[in-house]
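We use all heavy atoms of the structure for the numbers below, so side chains are in, but hydrogens, waters and symmetry mates are not. All figures in this text were calculated on a predicted structure; none of them were measured in a lab. Residue numbering restarts at 1 for every chain, and letters A, B, ... go by the order of the sequence lines.
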Amino acid sequence: MSTALKAMTNKRPFDAGRAAYLALNLSLLAFLLVPIAVVLIFALNPTPYISFPPVGVSLRWFEKFFASSDFMNALWLSLWVAGCVLVLSVTIGGACALALARGNLPGRAFLTAFFMSPLMLPAILTGLALFQSYLLAGIGRPTWGLILAHTLVAVPYVLRTTLAVLHNFDHRIEEAAAVLGASPIRVFFEITLPLIRPGVFAGGVFAFIVSFDQFPVSLFLVVPKGETLPVVLFNYMKFDLDGAIAAASMVSILLALSVVLVLERLIGLKAYVKL
Amino acid sequence: MISRHTMSRRKALRTGAGLAAIAAVGAPSILHAQTRTLKITTWGGKWGEVMKATVLPAFEKEFKCTVSADQAFPFVPKLQSSPRNDPIYDVLHTNSNEQWNSFTEGLVMEKITIKEVPNVADVYPYAVSDKIVGVTIFTSAIGLGYRTDKGLATPTSWKDLADPKLAGVRGGYIIPVNSLGQAHLMMLGKVYGKGLTDLDAAYKALEALKPIKLVDFTGQMEKMLLSGEVSEGVIHDSGVYRYDGQNQPVDFASPSEGVLALEQVLNVTPGSKVKDLAFGYIDYMLRPDVQKLLAEAVWYSPANKKVKLDAKYDAKLLTTPAKVATLIQPDWKWYNARKEDIDARVTKILKG
Amino acid sequence: MTSATIKLEQVTKTFDGRVVAVDDVTLDIRAGEFFSLLGPSGCGKTTSLRMIAGFELPDSGRVHVGGRDITDLPVHKRDMGMVFQSYALFPHRTVAENVAFGLRMRDVPKPDIVRRVKAALAQVALTGLEERKPGQLSGGQQQRVALARALVVEPPVLLCDEPLGALDRKLRQQMQFELKELQKRLGVTLVFVTHDQEEALAMSDRIAVMNKGRVEQVGAPTEIYERPRTRFVADFIGEINILEDEGRARALRPEKIRFVPEAEARVGGTVETANFLGGSTLYRIRTADQRTLLARETHAGERSPRGTGDPVGLAWTDSDTVALEG
């Protein structure tokens with residue numbers, strides 16, 4: 001028996017390593033997916049607390065979530081804000097990346113670090129600082145203020161991914177188009193934009209999710225009756241910790257996922273450029 | 001400018017996208033010209049539902065104003081960060097210890113008296129005692145919640161939580177972040193030592209409660225009791241009574257040493273531009289009919305002596321001078337002054 | 001197809017205000033000519049080409065094409081064709097779309113575009129690959145697409161920036177023939193940048209040899225080869241012996257040296273190394289006075305190459321040497 005085992009391991013010396021490799025991958029996968037599974041069980045469980053094994057399957061928490069005008073308003077606001085943030089951060093981040101990669105600007109390294117800085121700052125401080133600035137400036141806390149705040153923390157994602165694409169961009173392709181008679185604007189729309197699009201939209205997807213899931217920045221910037229879903233969920237938990245939270249989480253996950261998939265379909269994140 | 005503002009507001013409401021927020025805070029002078037806005041904080045959950053569905057609309061109608069009710073924590077940091085002369089809230093609703101913090105920083109007034117709020121004349125003494133800044137409109141009693149299906153005797157003393165049978169299934173709080181946990185710590189000083197401020201005795205007693213399940217807010221304690229993860233834990237009466245009629249095997253016990261007060265306190269910001277409305281709101285919240293409505297909705301004991309609750313609620317809540325006398329009010333000013341040291345100490349105790 | 005003259009007039013270009021890339025260059029390129037800019041990297045040949053294309057603006061001097069001053073004309077209005085070393089095909093467009101691009105920019109009617117794209121692809125033998133993406137083509141095929149894309153708009157001027165540099169030797173030779181043939185057939189003025197002197201000699205009507213931003217010599221390949229004017233040109237083009245003669249340098253091509261009996265020899269020596277090149281052998285010879293000379297011997301008849309250490313006698317006539325400036 002032991003010799004047989006020895007023969008086997010001798011014959012396939014990678015088995016142990018391969019098993020460890022598989023085990024590592026499986027545990028990583030479990031680490032990522034088990035929390036979602038727990039949330040799902042909680043969401044479908046009829047009791048207002050997690051009981052294991054589940055005592056049954058019920059959609060009552062989903063019903064509660066969808067029937068609540070507080071949750072629905074928050075959900076729509078979050079989607080609306082995230083949509084605006086997507087558009088804004090793609091425009092601003094894409095333009096910044098182009099300027100930084102192409103503009104021959106003085107102090108480029110500093111500017112890049114500057115635009116990336118919202119990622120370095122704890123988001124709660126960003127939110128608090130903006131809250132104070134808005135109040136001091138006397139503009140209150142309008143929705144566009146919240147959108148701008150989210151954009152501020154979302155732009156670095158677009159900037160990063162776009163810079164990565166631009167870094168590997170063969171400038172001669174644009175020159176070739178120019179020689180062939182394309183004006184700078186046509187070069188941008190016919191050549192540059194299609195080629196950096198995968199990077200810009202990969203960043204845009206990040207931007208959407210960063211905004212949709214944004215809690216710390218929103219915490220101070222939402223107003224009564226204008227609260228985003230993560231803030232509403234956080235406050236809901238303080239008073240009613242039940243499966244509606246889990247149902248909301250599942251809906252959030254599915255929404256974020258479907259937005260990513262739709263974007264992927266519409267725009268195609270697969271790059272034809274060498275990334 | 002004004003018409004554009006209202007238009008965008010109306011449109012926002014119509015889209016249902018929750019855009020009603022536009023500049024509600026940002027343009028107080030403009031709104032002032034039309035209807036005045038009272039900015040308050042209030043709780044969410046069932047309380048928030050009743051407020052939004054009944055109490056606030058009725059108040060708005062009677063006082064011809066708009067109420068902007070913030071249900072999103074954290075209230076005090078937001079108030080701290082806003083200009084003193086144009087605070088983000090006119091009325092701050094929190095538990096007592098947060099009021100003390102706010103008062104120390106000059107964010108809220110010290111006392112609310114009959115002069116400003118006539119209904120203060122009818123409140124129990126605890127509502128305006130020297131342990132309170134502002135005025136208490138409701139209180140809960142912090143005691144022991146327990147499972148009725150585990151063969152446990154009904155707790156009669158705070159010491160019952162130390163029963164060795166409860167090792168690992170007793171519940172407490174992460175003291176630095178939860179005022180129930182903080183109040184309980186003081187109670188341990190009283191029960192095992194010389195009084196509420198006997199921290200050494202309290203630390204020793206806390207050590208003896210290990211192993212203990214810790215949560216950071218009361219909702220979690222409720223769920224742990226409901227799921228049976230915790231058999232007995234520190235909780236406020238409303239956190240147990242709210243499951244009344246749902247056939248849950250949980251009940252609340254008031255220890256003989258007394259229950260701790262978890263007061264719902266209203267206070268006014270000194271910089272408020274609509275102080276009359278703010279006082280009017282507090283007076284309104286102390287009206288017997290409003291008190292009864294909210295008390296029965298969330299199982300809070302009303303501060304107004306004249307409130308007559310239905311029998312079911314009257315039996316359990318603190319509605320008589322005798323029952324009110326069992327309330328022990330922690331000295332939050334004293335506690336908050338030592339909070340950092342206490343936090344460090346209890347964190348060390350509970351970590352081991 | 002029309003062709004145009006190109007004239008660079010005392011053109012200077014510096015980068016970052018310090019590095020002089022092109023230094024007072026004047027060139028007259030004739031209509032329909034295959035003209036090469038030859039030199040080592042950093043000699044200014046690519047910068048000169050890019051100034052003709054309009055990618056770089058000269059600090060001073062003028063650029064004329066077809067008699068018209070285009071110095072200040074933006075790239076997209078210059079109506080030129082260009083082929084890049086990296087091909088610079090549009091990776092997100094099909095072959096047909098790549099070739100059609102210039103026509104679309106010129107608002108050519110759609111049916112005409114289809115017809116001309118088809119013809120252009122046929123011209124470079126790529127019929128049938130219209131719907132491929134550039135990433136699906138071989139290097140040689142990509143180069144042909146680039147060529148078709150540049151030529152389909154019938155530009156009077158075609159600029160080529162080391163277009164064959166990325167191809168392997170065999171394919172490069174084949175493309176050299178094709179490109180030259182195509183250029184002659186179309187009559188387009190072609191400016192060809194290369195650092196490969198063989199390539200320049202093989203293809204060009206005329207060559208400008210550049211060094212350190214300056215033009216060292218302009219002339220037909222034979223002229224450049226046979227009568228290099230400067231030491232740099234002599235050295236850069238093919239193998240060469242530089243003889244110091246009373247303080248003046250004279251160039252002598254290895255094939256001008258004859259192997260003779262020692263009695264008739266101008267100088268004697270021994271073979272140090274022999275590089276067999278197929279049609280000929282290139283010898284490095286250590287002379288009696290301790291100099292090194294390169295000599296090339298063509299293999300007529302069946303004589304086998306000489307071996308290392310063999311004593312040889314070498315002779316040449318003075319008219320075979322060329323006096324060099326500088």
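Contact check for B/I88 versus A/F131: side-chain heavy atoms found under the 4.5 Å cut-off. Looking at heavy atoms from C-beta onward, A/T47 lies out of side-chain contact with B/Q248 at the 4.5 angstrom threshold. For the pair A/L128 and B/S81, the minimum side-chain heavy-atom distance is below 4.5 Å. In this structure, B/F217 and A/M237 have side chains that are in contact, with non-hydrogen atoms separated by less than 4.5 Å.
Options B/D216, B/L226, B/T41, B/D70 differ in how many heavy-atom pairs under 4.5 Å they form with chain A, and the most are formed by B/L226. Heavy-atom pairs under 4.5 Å with chain A peak, among B/G45, B/G48, B/G219, at B/G45. Per-residue heavy-atom pair counts under 4.5 Å with chain B were compared for A/V231, A/V81, A/L219, A/T228, and the maximum is reached by A/L219.
A 6.0 Å sphere centred on CZ of A/R160 holds no more than 12 heavy atoms belonging to other residues, nucleotides or ligands. A 6.0 Å sphere centred on OH of B/Y241 holds more than 12 heavy atoms belonging to other residues, nucleotides or ligands. Atom CZ of A/F212 has more than 12 heavy atoms from other residues, nucleotides or ligands within 6.0 Å.
Salt-bridge formation is detected for the pair A/D240/B/R242: a Lys NZ or Arg NE/NH1/NH2 atom is positioned less than 4.0 Å from an Asp or Glu carboxylate oxygen. Salt-bridge annotation for B/K52 and A/D70: present, with a side-chain N of the basic residue lying under 4.0 Å from a carboxylate O of the acidic one.
Under the 3.5 Å distance criterion, the side-chain polar atoms of A/N235 are matched with a main-chain donor or acceptor of B/F73.
Heavy atoms closer than 4.5 Å to chain A are found in the backbone of B/A69, but not in its side chain. The parts of B/W43 that come within reach of chain A are both its backbone and its side chain, each placing non-hydrogen atoms under 4.5 angstrom from that chain. For chain B, the nearby part of A/F234 is the side chain; its heavy atoms alone come within less than 4.5 Å.
The two atoms that bring A/R141 and B/K78 nearest to each other are NH1-CD, 3.9 Å, heavy atoms only.
For the atom pair OG of B/S68 and NZ of A/K225, the computed distance is 7.5 Å after rounding to the nearest 0.5 Å. With rounding to the nearest 0.5 angstrom, the CD atom of B/E49 is 8.0 Å from the OG atom of A/S68. We find the CD-CD distance between A/Q132 and B/Q80 to be 9.5 Å, quoted to the nearest 0.5 Å. The structure places NZ of A/K238 at 9.0 Å from CD of B/Q220, a figure rounded to the nearest 0.5 Å.
In this structure, B/K46 forms no cation-pi arrangement with A/F239, as its terminal cationic atom is not both closer than 6.0 Å to the ring centre and no more than 45° off the ring axis.
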